**Q** 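Dropping the structure in here first, questions after.
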Amino acid sequence: MDNKVIIFDTTLRDGEQALTASLSVHEKLQIALAIERLGVDIIEAGFPVSSPGDFNSVQTIAQHVKNSVVCGLSRAVEADIKACADALSVANQFRIHTFISTSDVHVQQKLRKDFNDVEAMAIHAVKYARQFTDDVEFSCEDAGRTPIDNLCRMVEQAIKAGATTVNIPDTVGYTLPHEFGGIIDTLFNRVPNIDQARISVHCHNDLGLAVANSIAAVQAGARQIECTVNGIGERAGNASLEEVAMIMKTRADILGVQTGIQHQEIAKTSKLVSHLCNMPVQPNKAIVGSNAFSHSSGIHQDGMLKASNTYEIMTPESVGISKTKLNLTSRSGRHVIKHRMESLGYQESDYDLDTLYQDFLKLADKKGQVFDDDLEALLFNIQQQDTKDYYRIEELHVQSGSSDFATAGVKLAIGEEVQVQSATGNGPVDALYRAIKECVAVDIEVADYKISNKGEGEDGLGVANLVVNWKDRKFHGYGIATDVIEASGQALVSALNAIERAQKIQSIREQRSAKQIINS
């Protein structure tokens, strides 16, 4: 049996159905091109008959994508199939994917037909689609709840009619892995012409089993998995592309299969889809979550410092993430603090580890996570709670409306002086940040910015977190206020104060070095 598993991505079709707002044609094309770079074999670009916008999107994607096969979805209806053919005709190669329900509950209650009638519709649809392309996929909707005799019969007839791929969906995420794998195994044993088509699976995540069911199907002989980036899709979503891809890569010793996925593109594609679809990835999401390669437990961190494979079964670099993060929290041990201080350029003789560690634990209990600049502040007793901040917002005013720009004015205390500046920007936060930057003589770049809420209701607090780059180092800033603009301003000023502390620390280090040279 072929050991190549075809990856069929339906982010732009099934995935988009779950979004609160439709993507624009340009956004869909951006995602399609990213998915193509990811090495996906088939891109299901949409449902052309559903709307003129979807037709245009599918056609545009078909014009631009060259390395992946572009696919359109259709019901087992001639008008749907013709719409697919018309939208996809501009492509070098394309697939028509037609489907009809096969479970008793769907056939009787949704379609209100006899199974014989449904079978006849499926056969006609496949034959009609073959008039436009040799690459026709047929899906037995709700196959997971279809009586096995009917399912075998439908698969045999679809292949006989000309389907080159037959998809077995667990449409409502109902089956368990051993059940779903058993369905695929039964098809291979009972359908006489099954060797003439590729068997595909499309699993939903209602019980959290989409990925497990997909892998069970591959073990039983399926050679195409239908999935989405970040697992987005109807209800609880679809099988996650990044998870099935990395399972087959990481456990190739057991599964014995491979894909054409360019694994280093996974993280980048995940971020793009999350951003354009406005669907944040949960921190503990496998493979691409922000915590996927983070370690907070002291025991785990100790193991990671000795050998990364003690607690990581794959490297972050293998999916396009720069490096493992060892989060500094109250659970971190002395060895991690020592390692981080070494990475910041400090020798053991520069500090007392026991004293630094006790101060670190007190700060970690207050803050949760401690950053590099916090460690340096502890080292030289320049603690934020005991020292008046060098930069302080005394007043700010922001105006924003439906026009193309916002304006902001800020009165910023800098040491003993006060600066007042105003600026315009693309939005209120951008305008405020430009005004603050006008006040200070520090060349910074905002690398990451997040807003969240703390509490509930109208009185909930806005929390702003950001990371800025300064002289090849990253500094964290944090702000909290009932107004998210004010919280955002506080966060940037917080980062500026961290930079100012770092400058003081550098000065102290230089003075100490000079004294050591003189004394020696």
Side-chain angles (χ1 to χ4, degrees), residues 359 362-363 366-400 405-454 459 461-511:
D359 288 345
K362 293 175 185 176
L363 184 60
K366 288 183 179 181
K367 287 190 65 176
Q369 186 172 352
V370 174
F371 294 83
D372 290 348
D373 47 289
D374 294 319
L375 273 184
E376 290 188 315
L378 288 174
L379 178 59
F380 290 95
N381 293 319
I382 310 173
Q383 298 188 35
Q384 187 170 358
Q385 61 268 33
D386 297 330
T387 306
K388 187 177 181 180
D389 287 334
Y390 187 68
Y391 297 100
R392 304 176 305 281
I393 292 178
E394 295 196 346
E395 271 185 67
L396 66 85
H397 301 279
V398 177
Q399 288 185 321
S400 180
F405 60 88
T407 60
V410 65
K411 183 178 181 182
L412 188 70
I414 305 175
E416 300 302 322
E417 299 180 358
V418 172
Q419 284 277 345
V420 178
Q421 293 288 347
S422 61
T424 60
N426 295 324
V429 174
D430 182 50
L432 177 59
Y433 281 9
R434 288 173 184 265
I436 292 173
K437 288 179 184 180
E438 288 289 330
C439 294
V440 301
V442 182
D443 185 17
I444 58 171
E445 175 191 356
V446 177
D448 189 33
Y449 167 78
K450 292 185 178 69
I451 280 286
S452 59
N453 69 301
K454 191 179 184 69
D459 296 327
L461 296 174
V463 179
N465 276 278
L466 59 71
V467 175
V468 301
N469 292 328
W470 177 74
K471 292 188 176 181
D472 297 323
R473 284 187 59 182
K474 295 184 183 298
F475 292 84
H476 172 250
Y478 173 87
I480 183 167
T482 53
D483 184 289
V484 293
I485 307 301
E486 182 182 349
S488 299
Q490 289 179 6
L492 182 59
V493 169
S494 170
L496 286 169
N497 280 313
I499 292 171
E500 196 269 338
R501 289 197 303 270
Q503 290 174 313
K504 282 186 179 179
I505 290 164
Q506 180 63 30
S507 176
I508 293 170
R509 291 182 69 184
E510 289 173 355
Q511 291 173 14

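Because only heavy atoms are used, hydrogens play no part in the values below, and waters and symmetry mates are left out as well, while side chains stay in. None of these values were measured; they are calculated from a predicted model.
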**Q** Look only at the side chain of Glu445 and the backbone of Asn469, and say whether a donor-acceptor pair between them is shorter than 3.5 Å.
**A**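 No, Glu445 side chain to Asn469 backbone: no donor-acceptor pair under 3.5 Å.
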**Q** Can you measure from CG (Asn465) to OG (Ser488) and round to the nearest 0.5 angstrom?
**A**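 If I round to the nearest 0.5 Å, the distance is 10.0 Å.
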**Q** Please determine whether side-chain contact (heavy atoms from CB on, under 4.5 Å) holds for the pair Trp470 and Gln503, giving the CA-CA distance in whole Å, both sets of side-chain angles, and the decisive distance to 0.1 Å.
**A** CA-CA 11 Å; Trp470 177 74; Gln503 290 174 313; 3.6 Å; yes
**Q** Without swapping roles, check the side chain of Asp389 against the backbone of Arg392 for a donor-acceptor pair under 3.5 Å.
**A**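 No, because the side chain of Asp389 does not come within donor-acceptor range (under 3.5 Å) of the backbone of Arg392.
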**Q** At their closest point, which heavy atom of Ala431 faces which heavy atom of Gly425, and how far apart are they?
**A**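 Scanning both residues, the minimum pair turns out to be CB-N, 3.6 Å.
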**Q** The criterion is side chain to side chain donor-acceptor pair (under 3.5 Å); which residues satisfy it with Gln399, sequence neighbours excluded?
**A**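 Residues passing side chain to side chain donor-acceptor pair (under 3.5 Å) with Gln399: none at all.
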**Q** Rounded to the nearest 0.5 Å, what's the gap from OG on Ser400 to CG on Leu432? Could you check?
**A**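 Here the rounded value is 12.0 Å.
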**Q** Can Arg434 and Glu438 be counted as an ion pair, charged N to O under 4.0 angstrom?
**A**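 No.
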**Q** Between Tyr391 and Asn497, what is the shortest heavy-atom contact and its length?
**A**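 That closest heavy-atom pairing would be N-OD1, 2.8 Å.
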**Q** First locate atom OH of Tyr390, then atom CD1 of Ile414, and finally report the distance between them rounded to the nearest 0.5 Å.
**A**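 Nearest 0.5 Å value for the OH-CD1 distance: 7.0 Å.
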**Q** Enter the distance from Ile499:CD1 to Ser494:OG here, rounded to the nearest 0.5 Å.
**A**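 If we round to the nearest 0.5 Å, Ile499:CD1 and Ser494:OG are 10.0 Å apart.
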**Q** Can you measure from CG (Leu496) to NZ (Lys437) and round to the nearest 0.5 angstrom?
**A**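 Rounded to the nearest 0.5 Å, the CG-NZ separation comes to 9.5 Å.
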**Q** Please give me the minimum heavy-atom distance between Ala502 and Arg473, naming the atom from each residue.
**A**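 Of all heavy-atom pairs spanning Ala502 and Arg473, the closest is CB-NH1, 4.2 Å.
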**Q** List the steps and the verdict of side-chain contact (heavy atoms from CB on, under 4.5 Å) for Val398 and Thr407.
**A** CA-CA 6 Å; Val398 177; Thr407 60; over 6 Å; no
**Q** Would you give the length of the straight line joining atom CD1 of Ile393 to atom CG of Leu492, rounded to the nearest 0.5 angstrom?
**A**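 Ile393 CD1 to Leu492 CG: 7.5 Å, rounded to 0.5 Å.
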**Q** What's the shortest heavy-atom distance between Cys439 and Gln421, and which atoms?
**A**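 Residues Cys439 and Gln421, closest heavy atoms: SG-CG, 3.4 Å.
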**Q** With respect to Phe405, which candidate in Asn426, Asp430, Thr424 satisfies the side-chain contact (heavy atoms from CB on, under 4.5 Å) definition?
**A**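 Of the listed residues Asn426, Asp430, Thr424, the side-chain contact (heavy atoms from CB on, under 4.5 Å) partner of Phe405 is Thr424.
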**Q** Partners of Val467 by side chain to side chain contact (heavy atoms under 4.5 Å, CB included), sequence neighbours excluded?
**A**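 For Val467, the residues satisfying side chain to side chain contact (heavy atoms under 4.5 Å, CB included) (neighbours in sequence not counted) are Asp448, Lys474.
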**Q** Does the pair Leu396 and Ile436 meet the rule for a side-chain contact (heavy atoms from CB on, under 4.5 Å), with working shown?
**A** CA-CA 10 Å; Leu396 66 85; Ile436 292 173; over 6 Å; no
**Q** Do Leu466 and Tyr433 pass the side-chain contact (heavy atoms from CB on, under 4.5 Å) test, and can you show the C-alpha distance, the side-chain angles, and the key distance before you say yes or no?
**A** CA-CA 12 Å; Leu466 59 71; Tyr433 281 9; 3.1 Å; yes
**Q** With a 4.5 Å heavy-atom cut-off, do Val420 and Val410 have their side chains touching?
**A**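 No. Closest side-chain heavy atoms not under 4.5 Å.
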**Q** Give the minimum heavy-atom separation between Ala491 and Ala464, together with the two atoms involved.
**A**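 It is CB-O, 3.8 Å.
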**Q** Which heavy-atom pair separates Ala481 from Ala487 by the least distance, and what is that distance?
**A**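 In this case the closest contact between Ala481 and Ala487 is N-CB, 3.8 Å.
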